[in-house]
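To keep things clear, I will list the structure first and then write my remarks on it.
The model shown is predicted, which means the values in this text are computed figures rather than measured ones. Letters go in sequence order (proteins before strands), and every chain restarts at 1.
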Number of protein chains: 2
Amino acid sequence: MPASVTIKEIARQLGVSKSTVSRALRDSSEISQETKDRVLELARQLNYSPNPIALSLLNNRTHTLGIIVPEIANPFFSTAIGGVEDIAYSRGYHVMIYQSHESYERELIDVQHIATRRADGLIVSVSSQSEKHDHFVELQEKGIPIVFFDRVSDAVQTHKVIVDDYKGAYDATEHLIKEGSRRIAHIAGPPNLSISRNRLQGYRDALQKHGLPFRDEWVVASEYSQSEGTERAYQLMALRERPDAIFAASDRIAMGVHWALRQLGYRMPEDIALMGFSDLSISALLDPPLSSVAQPSFEMGQQAAELLLELIESKSTPASFETRVLKTNLVIRRSSMKNIS
Amino acid sequence: MPASVTIKEIARQLGVSKSTVSRALRDSSEISQETKDRVLELARQLNYSPNPIALSLLNNRTHTLGIIVPEIANPFFSTAIGGVEDIAYSRGYHVMIYQSHESYERELIDVQHIATRRADGLIVSVSSQSEKHDHFVELQEKGIPIVFFDRVSDAVQTHKVIVDDYKGAYDATEHLIKEGSRRIAHIAGPPNLSISRNRLQGYRDALQKHGLPFRDEWVVASEYSQSEGTERAYQLMALRERPDAIFAASDRIAMGVHWALRQLGYRMPEDIALMGFSDLSISALLDPPLSSVAQPSFEMGQQAAELLLELIESKSTPASFETRVLKTNLVIRRSSMKNIS
DNA sequence: ACCGTTCCCGGAACCGTTCCCGAAAAAAAG
DNA sequence: CTTTTTTTCGGGAACGGTTCCGGGAACGGT
């Protein structure tokens, strides 16, 4: 294994000092053209590339972005990560991934790792089980900027990238009403997360606006998982007064509901309408195809990365922090089209 | 921003040398218990943690694993990445992700990055457009070990993690035959990839075993994407002699076919049976649910990470390289059940 | 009282790079 | 032919650790 070529080696072969080589490589004005040429030529021959670790030690910059998501395998997060990687790549940064598995303890350790590893910044979508967000503030105080996306924390002052969850949920609920549903249930996400609360509020307000009653037993909370979606669907359909529509707080939940409803013999949308949130690429292929509130996940990753790089590369902290609210898009498919059927 | 606390700082406050502090922290025998206690106590108070960058510079070890996949958003790859991250985390390593976007050039650059960044090892599933794999060999020669998974390269001698693609395809085809299909088409993957060739061969051999003809026009190649799956389905169904079953080389392709067939008004499986490969979690939710050859993607990621860490942590190159062949599992759902229907 | 160990610890080199500072040589100015 | 300025380069410190080497003090044995 050939030890990688260093500046010292070039200096030795050329009989000059390492400072000279360093300057020549950086095209400094205080090196003669002739020496520059000789250094550059030899560097090319030896296939020299500077050791980024040495640079990091010097500048305290690693050109690395950390990203923490609950679960990489979740399509929403994996496409967002793709967006982050794209931007990072184009700007000469590298991406380290961590998953919290929805656990507060794991998230804490991940943040620790980011700190000790001296990442230049962090992009994060918080775990549903995290009630405190002090670890993020501490990271910030260590000088490592953070950008939140999707699942943001109100306790931390920084840039955030979200979609208009409230409006998305409002529109979805209103659509269900217009299609003729009157007993609309909602499977909400974990109440720790602001996205869950905002979607719930959108649902409530749409009901109220159209004079429909809000009933506690028609709102149940669930993890953002398919399996719990199934459980909650069983629970809802077992009620004495059955809902005639279910608005799920995410597509994964909706997929669980979808499966449960078919299992139980209901027809969608005739017996019961269904609507999800996120518009995963799978949703269109279900039978019946799932209506959903589309979220630009890839773009969210890109924007989060851009904001983070801005934070990293401007030395001073900005006067104010920005919350980018991207637009959702109501995608209507058969699972909610009561009118036509 | 409080500069992070260093060994030198501890030494200064305690009036000892940095060597003493370093030794005390590593619990060296040549430091008195009293001094150790003082150092440890102060280190705890100041919340000291060693700078991994300095360590990296010293040992030439970064405790970082690189991973290159064609596309993070592909569920197969993202769950595999999840497996890698799990193992890496438990062993104190970190994961840097890169995507090749199926491009040879991008893959080349990604490998370059891994090299200059001094990752301790690389896990990779090769791009479908890569015909040469020299860049991997060069990386190996620089002393950075590689483990391939799923899409492996025959040109590189190292550990590999795959599934038995041949047998999976053979079983799938045989199943289609047993269900009564006689005109079985195959949408294969890009021929550059060994997984594509192996699956094709399994298909061929199953046909031959059961005395069915192999017909060129019933075999078409496609990228592993949903959109091209749709295109190829159109092509196949336009044939004068239509197939009565399609075996797609991946679930993503199958999803495209699924959509096309429903679009065209065919009934599955009565008019035409369909079978995929990978068993993505979505497949069960399609209508009709998609039969598929299940691949343990998460486990593949885990095993790849384990093999890589073995390679990294044993200084000497092993006498021989291992190719772990995991088992596939035929998952039969309605899309292929001609007999019952 | 002398010598060999053992116990603790400090100094310095090293990893690969940048950069400040000073200095020799060359060029310009007197 | 000095003096000053410019050009060009080398030496060393620094980043944050580890480790080799050497040395003073205490201790034991004769």
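Atom-to-atom distance recorded for N47(A):CG and K142(B):NZ is 6.0 Å, nearest 0.5 angstrom. Here the straight-line distance linking atom CD of E138(B) with atom CD of Q112(B) works out to 8.5 Å at 0.5 Å rounding. Here the OG-NE2 distance, from S49(B) to H113(A), works out to 10.5 Å after rounding to the nearest 0.5 Å.
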Given the rule in the salt bridge (charged side-chain N to carboxylate O under 4.0 Å, His left out) test, do R91(A) and E313(A) qualify, once you have shown the distances and angles that lead to the verdict?
CA-CA 11 Å; R91(A) 305 272 293 264; E313(A) 286 172 357; 3.3 Å; yes
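Comparing the helix axis at one end of the helix from dA1(C)-dT30(D) to dG30(C)-dC1(D) with that at the other, each defined from 5 consecutive pairs, gives an inter-axis angle of 60° (nearest 10°).
In this entry the distance linking CD1 of I53(B) with C1' of dG16(C) reads 13 Å, nearest Å. A straight line from CD1 of I31(B) to C1' of dC7(C) spans 10 Å, rounded to a whole angstrom. Here dG16(C) presents its C1' atom at 12 Å from CG of L25(A), a figure rounded to the nearest Å. R26(A) places its CZ atom 9 Å from the C1' atom of dT17(C), with the value rounded to the nearest Å.
Residues Y89(B) and H94(B) keep their aromatic ring centres 6.0 Å or farther apart. In this structure, H133(B) has its ring center at least 6.0 angstrom away from the ring center of Y104(B). You'll find the ring centres of F149(B) and H159(B) outside the 6.0 Å limit. Between F76(A) and Y224(A), a ring centre-to-centre spacing not shorter than 6.0 Å is recorded.
Near DNA chain D, meaning a heavy atom under 4.0 Å away, there are no residues from residues 35-46 of chain B.
A donor atom on one side chain and an acceptor atom on the other are not found under 3.5 Å apart for S56(B) and T62(B). A donor atom on one side chain and an acceptor atom on the other are found under 3.5 Å apart for H101(A) and D86(B).
Taking for each of Q33(B) and S49(A) the nucleotide of DNA chain C with the nearest heavy atom, the 5'-most of the two is the partner of Q33(B).
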For nucleotides 10-16 of chain D, give me one character per nucleotide, 5' to 3': B if any protein heavy atom sits under 4.0 Å from the base, S if the only such contacts are to the sugar-phosphate, - if neither.
BBBB-BB
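Taking the charged nitrogens against the carboxylate oxygens, R151(B) and E102(B) do have a contact shorter than 4.0 Å, which makes a salt bridge.
Side-chain N/O atoms of S32(A) include one lying less than 4.0 angstrom from OP1 or OP2 on dC9(D).
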